[in-house]
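Some notes on the structure that comes next.
Model, not experiment: these values are computed from the prediction. The first residue in the sequence is number 1, and the count goes up from there.
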Amino acid sequence: MSQQIVISGVGIWTPEYSITNEELVDSYNAWVDAYNDDNKQAIENGEVEAKPYSSAEFIEKASGIKQRYIYEKAGALDITRMRPLLDDRPDDVLSHQAEIALAAARKALVAANKDANEVDAVIVSCAYTQRAYPAIAIEVQEALGIEGFAFDMLVACSAATFGMHRAYEMLCAGNAKCVLVINPELVSPQINYTDRDSHFIFGDVATATVLEHAETASAEHVYDVLSTKAVTKYSSNIRSNFGYMTRAQDVDPYGPDKLFHQAGRRVFKDVCPMAADHIEEHIARHNLTASDIRRWWLHQANINMNTLICKKLLGRDATADEAPIVLDEYANTASAGSVIAFGLHHEDLVKGDVGVLCSFGAGYSIGSLVIQKR
Ligand code: CO8
């Protein structure tokens, strides 16, 4: 690599609306009462299983989540609907996902002290895009007046880190001078609000980062990317079967298996050791051990996962300062969690401090960057 690549800006767009565990559970439990009442006879005959209640105490204990943000609250808690209500915008109006992507991108550009016309590539990388084409990234590129190229990519929970990896490589190869990586995680339309196992897990957000060559960076907080590391291993334990094929398969395009679903306990058991080993190997490349890392910006799916991974790495519990948690407020925001943690908790680092940004989840996929403050 001839030139040092840096992260020079990070931006977070947080939705206006939030839903507490209590609100979510009240709505779900009211829906359960209505469902069980409607199916009373079938339940009594053993033909239909009664739906069980959810509990705010369970949610916080099992996950650490206290609330989540949502792009559009209307509809999501309405027991006759149980999904957010979004307007269907015409083709000539900015799409929902591009709107939140733009909001995060603008914040990242300000943080990076960059004008949009200095950017020459845009990657929108997230768990879902609201359409196949034209790319949301090209819509954002157009809205910002960026000359160059743009594309979308999907890697579920690791979309943000994998997107940053692609930016890093494009910069190393000399194919771009300044790349905007945006993660508009508008996941609420894919949540099954009638499933107590998963109704609490996710929240909406958009994050963005600016990557460029060190020599062009002029921001206050700039991080050298020391290296990147990725691994994937196929698993159906976290899955969404939603897609364009359903039209030809004569199935309900919005059935439970078409929405987010997972074997949460299996995921927990599989992913924690994978993530800890991955991180250990990654920092070892730089002759570093866990005690050399000033901050861990880890994926934010479940506080117990982060505690376990840090304990495996450090041999003790990490402090909140070492491994900040944002999922209590944001919930799991698919790929954006580690970027939110980075965005909210990096300005106090001093020159030479090393941090690890790492995502882990569906795929399975794990992506990390070892970065050092300039
Ligand atoms: N209220 C009360 N009880 C509940 C509830 C609830 N809401 N939910 C489940 N229970 C019950 C279960 O039914 C079970 O009862 P029983 O013992 O009678 O069978 C009991 O509580 C225990 O359930 P679990 O074993 O499932 O509980 P866990 O302690 O394992 O906690 C978690 C569940 C929180 C899901 C946990 O397993 C976990 O977090 N695992 C890790 C999962 C993970 O990190 N997944 C990553 C997903 S994110 C990702 O990959 C991005 C995908 C793209 C984004 C999608 C956006 C829509």
Side-chain angles (χ1 to χ4, degrees), residues 1-14 98-126 136-151 160-161 163-184 205-228 294-295 297 324 326 335-336 338-357 369-374:
M1 189 182 72
S2 55
Q3 293 188 70
Q4 180 61 53
I5 310 304
V6 299
I7 299 173
S8 56
V10 53
I12 305 166
W13 172 83
T14 302
E99 179 185 308
I100 69 168
L102 265 174
R106 289 196 168 110
K107 287 172 187 258
L109 287 170
V110 169
N113 196 27
K114 281 267 167 294
D115 282 332
N117 62 19
E118 295 173 271
V119 175
D120 54 359
V122 179
I123 302 173
V124 162
S125 193
C126 48
I136 302 296
I138 303 177
E139 191 179 2
V140 173
Q141 176 195 3
E142 173 75 8
L144 288 172
I146 290 171
E147 303 272 333
F149 65 97
F151 60 91
T161 54
M164 291 159 89
H165 292 181
R166 301 292 77 75
Y168 174 80
E169 287 161 359
M170 282 152 48
L171 291 159
C172 285
N175 292 327
K177 292 190 179 73
C178 183
V179 187
L180 193 49
V181 182
I182 318 172
N183 325 106
V205 79
T207 55
T209 45
V210 175
L211 284 90
E212 59 182 310
H213 294 117
E215 65 189 22
T216 59
S218 60
E220 193 181 346
H221 302 284
V222 176
Y223 296 84
D224 286 346
V225 180
L226 300 186
S227 67
T228 64
R294 172 67 185 88
R295 189 149 294 152
W297 299 288
V326 300
S335 79
S338 57
V339 183
I340 301 172
F342 173 59
L344 296 179
H345 301 279
H346 72 92
E347 293 187 354
D348 58 321
L349 264 56
V350 298
K351 185 175 161 55
D353 279 349
V354 177
V356 172
L357 219 152
L369 294 94
V370 177
I371 63 177
Q372 182 166 35
K373 185 119 187 208
R374 281 213 146 219

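- Between V119 and L144, every side-chain heavy-atom pair lies at or beyond the 4.5 Å cut-off.
- The CG atom of D353 sits 10.5 Å away from atom CD1 of I371, with the distance rounded to the nearest 0.5 Å.
- The OG1 atom of T207 sits 6.5 Å away from atom CD1 of I340, with the distance rounded to the nearest 0.5 Å.
- Proximity of H213 to L171: side-chain heavy atoms (C-beta onward) are separated by under 4.5 Å at one or more points.
- The two residues I138 and A150 come nearest to each other via the heavy atoms CG1-O, 3.5 Å.
- Side-chain atoms of W297 come within 3.5 Å of backbone atoms of H345 as a donor-acceptor pair (strictly under, hydrogens ignored).
- The side chain to side chain contact (heavy atoms under 4.5 Å, CB included) with L369 is formed by just one residue from the set V225, L226, V356; it is V225.
- Taking the side chain as every heavy atom from C-beta outward, N117 and E147 never approach each other to under 4.5 Å.
- Residues satisfying the side-chain contact (heavy atoms from CB on, under 4.5 Å) test with T14, not counting sequence neighbours, are I12, Y69, Y330.
- Closest heavy-atom contact between V179 and A176: CG2-CB, 3.8 Å.
- Using a distance-only test at 3.5 Å, with no hydrogens or angles considered, no donor-acceptor pair links the side chain of Y223 to the main chain of G355.
- When all heavy atoms of C126 and S335 are compared, the closest pair comes out as CA-OG, 4.3 Å.
- The shortest non-hydrogen separation linking I5 to C172 is CG1-SG, 3.8 Å.
- Distance CD1/I7 to OH/Y168: 11.0 Å, rounded to 0.5 Å.
- Applying the salt bridge (charged side-chain N to carboxylate O under 4.0 Å, His left out) rule to pairs touching residues 338-352 yields R294-D348, R295-D348, sequence neighbours excluded.
- The only option from I146, L211, D120, V124 that meets the side chain to side chain contact (heavy atoms under 4.5 Å, CB included) definition with L180 turns out to be I146.
- Taking all atoms of both residues into account, the shortest heavy-atom contact from P184 to A206 is CA-CB, 3.8 Å.
- The nearest pair of heavy atoms linking S338 to T161 is OG-CG2, 4.4 Å.
- For the salt bridge (charged side-chain N to carboxylate O under 4.0 Å, His left out) condition, the pairs that include at least one residue of residues 166-181, sequence neighbours left out, are R166-E169.
- Scanning for side-chain contact (heavy atoms from CB on, under 4.5 Å) contacts around F151 gives I123, F149, M153, M170, with sequence neighbours left out.
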Only distances under 3.5 Å count here; give the side-chain donor-acceptor pairs of residues 100-113 to other protein atoms, sequence neighbours excluded, each with its distance to 0.1 Å.
{"from": "N113", "atom 1": "ND2", "to": "S218", "atom 2": "OG", "distance (Å)": "3.0"}

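- Residue S8 holds its OG atom at 12.0 Å from NE2 of H221, rounded to the nearest 0.5 Å.
- Rounding to the nearest 0.5 Å places CD1 of I182 at 10.5 Å from CD1 of I136.
- Among residues two or more places apart in sequence or in another chain, the side-chain contact (heavy atoms from CB on, under 4.5 Å) test is passed with E118 by K114, D115.
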Criterion side chain to side chain contact (heavy atoms under 4.5 Å, CB included) on K373 and V350, from CA distance to verdict:
CA-CA 6 Å; K373 185 119 187 208; V350 298; over 6 Å; no

